[in-house]
Amino acid sequence: MRFDDAPTGRPMRLSAYFLPLLKESPAEAQIVSHQLMLRAGMIRQSSAGIYSWLPLGHAVLRRVEQIVREEMNAAGCQEILMPAVQPADIWQESGRYEAYGREMLRFEDRHERAMLFGPTHEEVVTDIFRRCIRSYRDLPKNLYQIQWKFRDEIRPRFGVMRGREFLMKDNYSFDLDFEGAKRSYDNMFSAYLRTFKRMGLTAIPMRAESGAIGGSMSHEFQILASTGESEVFYDAAFEELDLLAPDLDVDTIQRYYAATDEQHLPDACPLPPERLRHGRGIEVGHIFYFGTKYSKPLGAAVTGPDGEDVFVEMGSYGIGVSRLVGAIIEAYHDDKGIIWPESVAPFDVALVNLRASDTGCAEVTGDLYAKLKTAGVDVLYDDRDESPGVKFATMDLIGIPWQVVIGPRGLKAGVVELKSRASGETEELSPEAVVDRLAG
RNA sequence: CGGAGCGUGGCGCAGCCUGGUAGCGCACUUGUCUGGGGGACAAGGGGUCGUGGGUUCAAAUCCCGCCGCUCCGACCA
């Protein structure tokens with residue numbers, strides 16, 4: 001066993017990789033992303049709506065998380081980490097301790113102090129803010145974290161898409177006035193469009209209810225998928241629109257009609273019927289402006305330019321990181337398995353040695369492996385002594401974007417095969433050419 | 001929480017109705033062959049039948065309680 005082949009901390013030889021695959025789908029998995037995550041050895045259920053992430057799933061989760069982090073940083077937000085376990089008293093201050101209901105997991109510590117496992121963090125972040133910030137000159141601020149949340153859903157389902165414990169990116173903006181808050185809101189709005197796009201997803205921003213978070217301005221970001229949980233209505237223009245086009249500003253996008261079913265009133269819909277589309281959506285993000293809903297009861301105020309104290313204007317912004325992993329699979333799969341977009345794939349390339357026992361094959365594959373590794377390519381090397389069919393099925397199931405197939409047949413002609421998981425297209429190249437292609 | 005269903009080896013299931021030696025496929029172990037799409041043969045290992053009680057000479061099977069999981073509905077990233 002070698003451990004030096006894993007700069008990322010993961011073994012890259014499949015024979016050493018912890019990848020418990022399933023040929024059949026467990027009965028409890030109802031939708032394709034859940035089935036595939038179980039079959040591909042990404043997750044295992046611990047209890048209802050609570051999962052362990054195994055190496056392959058964890059790798060994808062981390063990549064999704066990293067994209068979110070990079071986009072938040074690029075949007076001027078600063079990362080923090082708040083406690084998962086929170087004291088109840090700040091929730092009593094905000095008035096949500098009673099309002100939140102049984103979704104909140106409550107318990108007592110050994111001193112019989114009321115505690116809870118955080119379902120969201122408005123109270124905590126507002127508490128931090130009120131104790132640290134005094135002046136309008138410290139505004140605006142936008143803080144985020146990527147943190148496990150717990151919401152004791154009545155009925156968890158769909159694997160990680162609707163778990164009780166889930167990884168969420170949540171951030172919180174603080175501004176002096178409404179204009180500032182609106183700027184923060186719009187800034188997050190466009191950051192979200194960029195974030196989802198990087199994962200290969202088109203998320204349609206929809207007018208939404210603000211629910212338990214409360215507030216007056218709110219958008220949900222929905223990915224269209226037949227297995228989505230909510231019914232959504234939207235302008236056919238979204239099917240053509242490039243939401244990231246430089247000449248398209250946030251106000252313009254927000255004027256296109258799109259709404260979830262709670263918000264959509266058929267009689268009041270401004271769209272002509274021929275432009276109204278409806279389908280099902282997976283909610284992957286939700287942004288809220290809620291003004292002083294928390295700053296007022298918790299007393300988060302700054303001194304303004306005129307010397308008067310004002311409660312800060314706040315917004316909060318969530319992205320379901322663990323849910324996105326499932327959502328991406330819903331969008332990218334076929335009957336053989338997952339088809340990862342390159343930006344979130346657990347590995348860039350899989351080397352499939354069809355004949356592990358053949359010295360020539362092992363030599364060429366080992367050489368490819370070393371060269372790709374040196375070039376910084378993330379490689380999974382299938383060195384198992386399995387039949388070709390098993391190897392192909394494994395790779396198609398776990399969905400690595402590029403497969404390099406090394407077999408005795410090709411090597412006679414001095415070539416290996418480069419296959420795209422997405423298109424299924426295959427190309428015969430010399431090993432050197434493959435390295436150039438993949439390392440380029 | 002209301003309604004429905006399911007718990008039998010790691011996974012998928014049969015057996016339960018009509019009580020009497022726990023079974024099949026996949027996976028796993030060993031060996032031989034095989035080798036470009038989940039290969040073949042042979043020999044093996046692994047199950048307190050979710051759990052507690054009850055009925056019975058005898059319970060996976062019948063009865064009751066509990067626990068867990070899933071599905072349909074109302075809530076949410």
Side-chain angles (χ1 to χ4, degrees), chain A residues 20-31 34-35 38-39 41 44-50 64 68 99-104 118-121 146-171 192 196 203 208-213 218-223 229-230 260 262 281-288 316-327 336-337 352-358 361 384-397 403 405-412 416-417 419 424 426 428:
Chain A
L21 302 175
L22 260 24
K23 197 175 268 189
E24 292 169 286
S25 294
E28 76 258 19
Q30 298 298 310
I31 62 169
H34 191 189
Q35 293 170 346
L38 291 167
R39 288 190 51 210
R44 282 293 113 105
Q45 179 165 299
S46 175
S47 63
I50 301 178
V64 170
V68 172
Y100 215 91
R102 289 229 239 320
E103 256 178 42
M104 188 154 73
T120 179
H121 282 71
I146 298 172
Q147 164 75 290
W148 290 94
K149 306 270 198 261
F150 192 91
R151 293 183 190 169
D152 201 354
E153 300 282 344
I154 289 162
R155 189 156 84 84
R157 63 190 118 167
F158 302 151
V160 300
M161 299 259 284
R162 181 67 178 278
R164 293 194 291 172
E165 186 176 88
F166 56 97
L167 188 62
M168 179 178 176
K169 185 284 306 174
D170 47 320
N171 57 336
Y192 273 34
F196 298 128
E209 277 183 17
S210 39
I213 308 287
S218 177
H219 282 87
E220 283 179 12
F221 290 75
Q222 297 266 357
I223 290 162
E229 282 200 85
S230 41
T260 56
E262 311 90 45
I282 300 169
E283 184 186 0
V284 291
H286 202 155
I287 62 178
F288 307 88
S316 72
Y317 317 87
I319 288 180
V321 176
S322 47
R323 171 180 286 185
L324 271 168
V325 176
K336 295 194 183 104
V352 184
N353 180 355
L354 286 189
R355 194 78 62 83
S357 57
D358 181 282
C361 289
R384 298 172 303 168
D385 184 19
E386 289 285 355
S387 72
V390 170
K391 297 197 169 205
F392 290 134
T394 297
M395 285 309 158
D396 288 346
L397 174 62
Q403 303 172 7
V405 180
I406 300 96
R409 204 174 74 187
L411 285 191
K412 271 192 199 124
V416 297
E417 207 174 275
K419 180 181 161 190
T426 277
E428 292 197 332

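First the proteins, then the strands, lettered A, B, ... as listed; each starts at 1.
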Just call it for A/G407: base, sugar-phosphate, or nothing, with non-hydrogen atoms closer than 4.0 Å on any strand.
-> base
The side chain of A/E283 lies closest to which of these nucleotides: B/G36, B/A77, B/G73?
-> B/A77
How would you label the contact of A/E386 with the nucleic acid (heavy atoms, under 4.0 Å): base, sugar-phosphate, or nothing?
-> base
Nearest-Å distance for atom pair CZ/P, residues A/F150 and B/C75 = 20 Å
Distance between C1' atoms of B/C72 and B/A59 (Å, rounded) | 34 Å
Mind calculating the distance between CD (A/Q403) and P (B/G36) to the nearest angstrom?
-> 16 Å
Out of B/A77, B/G36, B/G38, whichever nucleotide has its closest atom nearest the side chain of A/R39 | B/G38
Look at the side chain of A/R164 and the backbone N and O of A/A48, then say whether any donor-acceptor pair between them is shorter than 3.5 Å.
-> yes
First encountered from the 5' end of RNA chain B, between A/G49 and A/G318 | A/G49
Using whole Å, report how far CG of A/L38 lies from P of B/U70.
-> 11 Å
What integer number of Å spans the P atoms of B/U61 and B/C16?
-> 12 Å
Give A/R164 one of three labels, base, sugar-phosphate or nothing, depending on what nucleic acid heavy atoms sit under 4.0 Å from its own.
-> nothing
Roughly how many Å is it from CG in A/D385 to C1' in B/G35, rounded to a whole number?
-> 10 Å
With RNA chain B as reference, determine whether A/R384 or A/R323 sits nearer its 5' end, using the nearest nucleotide of each.
-> A/R384
Using the C1' atom as the reference point in each nucleotide, state the distance between B/G10 and B/C57 in Å, no decimals.
-> 37 Å
Is the shortest side-chain N/O distance from A/R355 to OP1 or OP2 of B/G36 below 4.0 Å?
-> no
At under 4.0 Å between heavy atoms, what does A/E28 touch on the DNA or RNA strands: base, sugar-phosphate, or nothing?
-> sugar-phosphate
Just checking A/E417: base, sugar-phosphate only, or nothing, at a heavy-atom cut-off of under 4.0 Å?
-> base
How close or far is atom P of B/C75 from atom CZ of A/R157, stated in whole angstroms?
-> 11 Å
Determine: side-chain N/O of A/Q30 to OP1/OP2 of B/C72, distance under 4.0 Å, yes or no.
-> no
Remember a base hit wins even if backbone is also touched, and classify A/G337 as base, sugar-phosphate or nothing at under 4.0 Å, heavy atoms.
-> nothing
Using atom C1' of each nucleotide, how far apart are B/A14 and B/U8 to the nearest Å?
-> 10 Å
Quick one: label A/V321 by what it contacts on the DNA or RNA (base, sugar-phosphate, nothing), any heavy atom closer than 4.0 Å.
-> nothing
Using the C1' atoms only, state how far B/G38 lies from B/A58, rounded to an integer number of Å.
-> 45 Å
Between B/C66 and B/U30 - C1' atom distance, rounded Å | 44 Å
Look at the side chain of A/Q222 and the backbone N and O of A/I282, then say whether any donor-acceptor pair between them is shorter than 3.5 Å.
-> yes
Could you check whether A/D170 gets within reach of a base, just the sugar-phosphate, or nothing at all, counting any heavy atom under 4.0 Å?
-> nothing
Measuring from A/S357:OG to A/D385:CG, what's the distance to the nearest 0.5 Å?
-> 5.5 Å
P atoms of B/A22 and B/G47, separation to the nearest Å = 13 Å
Would you say A/K23 reaches B/G38's phosphate, i.e. side-chain N/O to OP1/OP2 under 4.0 Å?
-> no
Phosphate-side-chain proximity, A/R162 and B/C76, N/O vs OP1/OP2 below 4.0 Å = no
Using atom P of each nucleotide, how far apart are B/C69 and B/C64 to the nearest Å?
-> 23 Å
Look at the side chain of A/Y317 and the backbone N and O of A/K169, then say whether any donor-acceptor pair between them is shorter than 3.5 Å.
-> no
Quick one: label A/S47 by what it contacts on the DNA or RNA (base, sugar-phosphate, nothing), any heavy atom closer than 4.0 Å.
-> sugar-phosphate
